[in-house]
Asks: 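Here you go, one structure.
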Amino acid sequence: MTKVPNILWLAEIRKDDLPSVGGKGASLGEMTSVGLPVPNAFVVTAQAFRRYIEDAKIDTEIFSLLSGLDVENSDLLEKTAADVKGIVMKTPVPDGIREDIICSYMTMGDDVVVAVRSSATAEDLPDASFAGQQDTYLNIKGVDALVEAVQMCWASLYGARAIYYRAKQGFDDSIVDIAVVVQILIRSEKAGVLFSSHPVTGEPTSIVEGSWGLGEAVVSGMVSPDNYVYDQRSRRVVDRYIATKKVEILPDGEHGTKEVSVSPERQEAPVLSDDEIAALAKFGKVSELHYGVPQDVEWSIVGDTIYVLQSRPITTIVGNTGVVQEMESTGDILLEGQGASPGIATGRVVIVTTVKDLGRINDGDIMVAKMTNPDMVPGMRKVSAIITDEGGMTCHAAIVSRELGTPAVVGTKNATHVLKEGDIVTVDGEKGIVFEGAVALAQEDAPAVAVAAAAPIITATSVKVNVSLAEAAARAAATGADGVGLLRIEHMILGLGKTPGWYIRNDKEEDFITELYDGIKVVLDAFPGKPVWVRTLDAPTDEFRNMEGGEDEPEEHNPMLGWRGIRRDLQQTEQFRLQVEVFKRLWSQGYSNMGLMFPLVGHPDEFIQAKQMLAGWGVDVENTTLGIMVEIPSSALMIDEFIAAGINFASFGTNDLIQYTLAIDRNNQNVADMYFPKHPAVLKLIKYAIERCREGGVECSICGQAGSDPEMVEWLIKTGISSVSSNIDAVQKIRVTAARTEQRMILDMARR
């Protein structure tokens, strides 16, 4: 495979190029390929950025500053971010990369005006969205201004909020790169965002929001936009809300943007006509059909021409439970806005104007702000509800609230003035109403209010969910998943900040057991009667080294190929014993639905040895569900021997299986573009293992990233897999994929 160049044009880019062009670049290339009206653009690749920091030899300096950084120390985080960004900005762009950027820019025309947008290689993933963490620069003209804007985008990879977010998501700073999209700037007369399907229920209604000027006013929540609801079945606008739009964002001369007051006659005027709404909804549906999942689409209009600027998956659709939360009584209405995230919550008001105010927030409070931004996410995680002055269904507060499952009312216009610090209020995030005081909810045993709901989708293939944190258990269960196909306990252990060895050496074993017991129990309680497969500890040495007690961890050139998974537990028997003690206590409490899954098993002897150790510690192994991760080629090739050894199930860990089959480190940017999930060799291994498991009567599943990919899941079901386990956000679309695939297989069989 040829070396990835510094520049790629949209016409050359597809979704598989994400490691080179980031989430934003890959999406734009994919939309261009299906004929959507995307403005011309090129991408400064992630490989160009990596060459920049390596050739200048600033990579070691940057990553040493970030290594082990305490991101909860705000002052240290801000100082470190400023230092790292300073290193990037003072390092000249290499001549070769600079010339490629300038040459590509000049190809667009004479002194064209462009938008320069960051596109991180870890952006818009199914289980982590980095959108909003890096910078965008609009109205850029001229070669010097362009190169500077690209460099500022590179530097924004190391902003404080981006560093914090990566740390909380478990991403290593040294392996996340950034691409930069350079796109002709559309001088929008009106712009906004649309959801191709309803962002909460998934119903076939398009939600279109728009305002005057550039779309940043809508995306940032600076204005409360017009809101239009378009029914795709009747093909007509069924609801509209015309907001008062007092400001717009426009290009400012030849550099940057400015906020301008909207003339009085346009403030109350509708932004869109019915024909424009219908056309936008059509483009949204084209994108949804292409990607196979509902889309969040940014759009722009100049004259009679519509442009599509971005499209990403909606990650907040939840299944309709058929029951709505109702109030037993209501209080005085203080505010009304748009219901952006459903649910009812009561709490104490905290007015947030800057990040410094987050320190006053306690669990269960209600955040009130003019508009939220990515810096406020740590506080948003703690509150029971969110209220904003500005914004609509597509603003930052709305999107994050839906992801967190937190009730939210946006676009109230004056919440920060009407509400006072310490007020007790009740928020109805579905109806968009804020009530005075604590409003009583209907008793749980009262008759539920039925709402129209589609019949649940029944599939022969079990559709399970992956869980990493106890706090995510309720959201995972709300998906209606058939169980947990992967519960990663290492995330719970890493959160303790101390290695298991530390607890053993300091006679604190009971503390460790209690913490892990409580975390797993929360997940088991959320899935009563459904299988929950708990994976034993799989923490590479480099992760333990950063924890208290990890001072003596060995230095490994490649920890992913080193002392981890079951191979470590079999050698560090006390660490293994602590885990087993937790499992024994849970089984003794009646949690018979819990099974154990051993990671990184390469030979049946390892499974047999682990099983013998369990028996030696008093586990009834013959009546316990025990399985393995199939993530090494040897475990796929020797699946018959594993079945003979007594496994009850096998589950593919595709991320590692792909790496080890192809000898590709997916975190190494020199070869990341060769990481190919559907490589024939990988598929051949998976197919062989599925067929042998079916023959041996052993449940075969998947819990790697491929289990959240509809195209891959369709192939797996056709190949004969028993179950799939997906990320929380992907369960609904995977269940639909499973149902459609099964129905198609039945229909094909009937036709034959």
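Keep in mind the model is a prediction, meaning the values are calculated, not measured.
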Asks: Are side-chain heavy atoms of Leu157 and Val88 found at a separation under 4.5 Å?
Replies: no
Asks: Which pairs, with at least one residue in residues 11-47 and sequence neighbours excluded, count as a ring-ring contact (aromatic ring centres under 6.0 Å, His included)?
Replies: Trp9-Phe42
Asks: Give a yes or no on whether Asp70 atom CG has more than 12 heavy-atom contacts from other residues, nucleotides or ligands under 6.0 Å away.
Replies: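 Yes - once you tally the heavy atoms of other residues, nucleotides and ligands closer than 6.0 Å, there are more than 12.
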Asks: Assess the residue pair Asp110 and Lys141 against the criterion (salt bridge (charged side-chain N to carboxylate O under 4.0 Å, His left out)); give the C-alpha distance rounded to whole Å, side-chain angles, the decisive distance to 0.1 Å, and a yes or no.
Replies: CA-CA 10 Å; Asp110 295 332; Lys141 181 179 179 181; over 6 Å; no
Asks: Which heavy-atom pair separates Met376 from Leu358 by the least distance, and what is that distance?
Replies: CA-CD1, 3.9 Å
Asks: If I take atom CG from residue Leu280 and atom CH2 from residue Trp299, how far apart are they, to the nearest 0.5 angstrom?
Replies: 5.5 Å
Asks: With sequence neighbours excluded, tell me which residues meet side chain to side chain contact (heavy atoms under 4.5 Å, CB included) with Ile102.
Replies: Arg98, Met106, Val143, Val147
Asks: Side chains of His290 and Leu36: does their closest heavy-atom pair fall under 4.5 Å?
Replies: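 No, every pair of side-chain atoms sits at 4.5 Å or beyond.
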Asks: Does Asp83 form a salt bridge (charged side-chain N to carboxylate O under 4.0 Å, His left out) with Lys79? I'd like the steps, not just the answer.
Replies: CA-CA 6 Å; Asp83 290 345; Lys79 181 183 183 304; 2.9 Å; yes
Asks: Is any side-chain heavy atom of Thr372 closer than 4.5 Å to a side-chain heavy atom of Met367?
Replies: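 Answer yes - side chains close enough.
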Asks: Measure up the Phe49 and Tyr52 rings against each other and bin them: parallel (under 30°), tilted (30 to 60°), perpendicular (over 60°).
Replies: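 The arrangement is tilted - the two ring planes meet at 30° to 60°.
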Asks: If you take all heavy atoms of Ile386 and Ala397, which pair is closest and at what distance?
Replies: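 It is CG2-CB, 4.5 Å.
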Asks: Do Glu216 and Thr257 meet the criterion of a side-chain donor-acceptor pair at a distance under 3.5 Å?
Replies: no
Asks: The test is side chain to side chain donor-acceptor pair (under 3.5 Å); show your working for Ser311 and Ser287 and say whether it passes.
Replies: CA-CA 7 Å; Ser311 184; Ser287 185; 2.7 Å; yes
Asks: Which is it for Glu248 and Lys190 under the salt bridge (charged side-chain N to carboxylate O under 4.0 Å, His left out) test, yes or no, and what are the steps along the way?
Replies: CA-CA 9 Å; Glu248 61 184 322; Lys190 40 196 171 185; over 6 Å; no
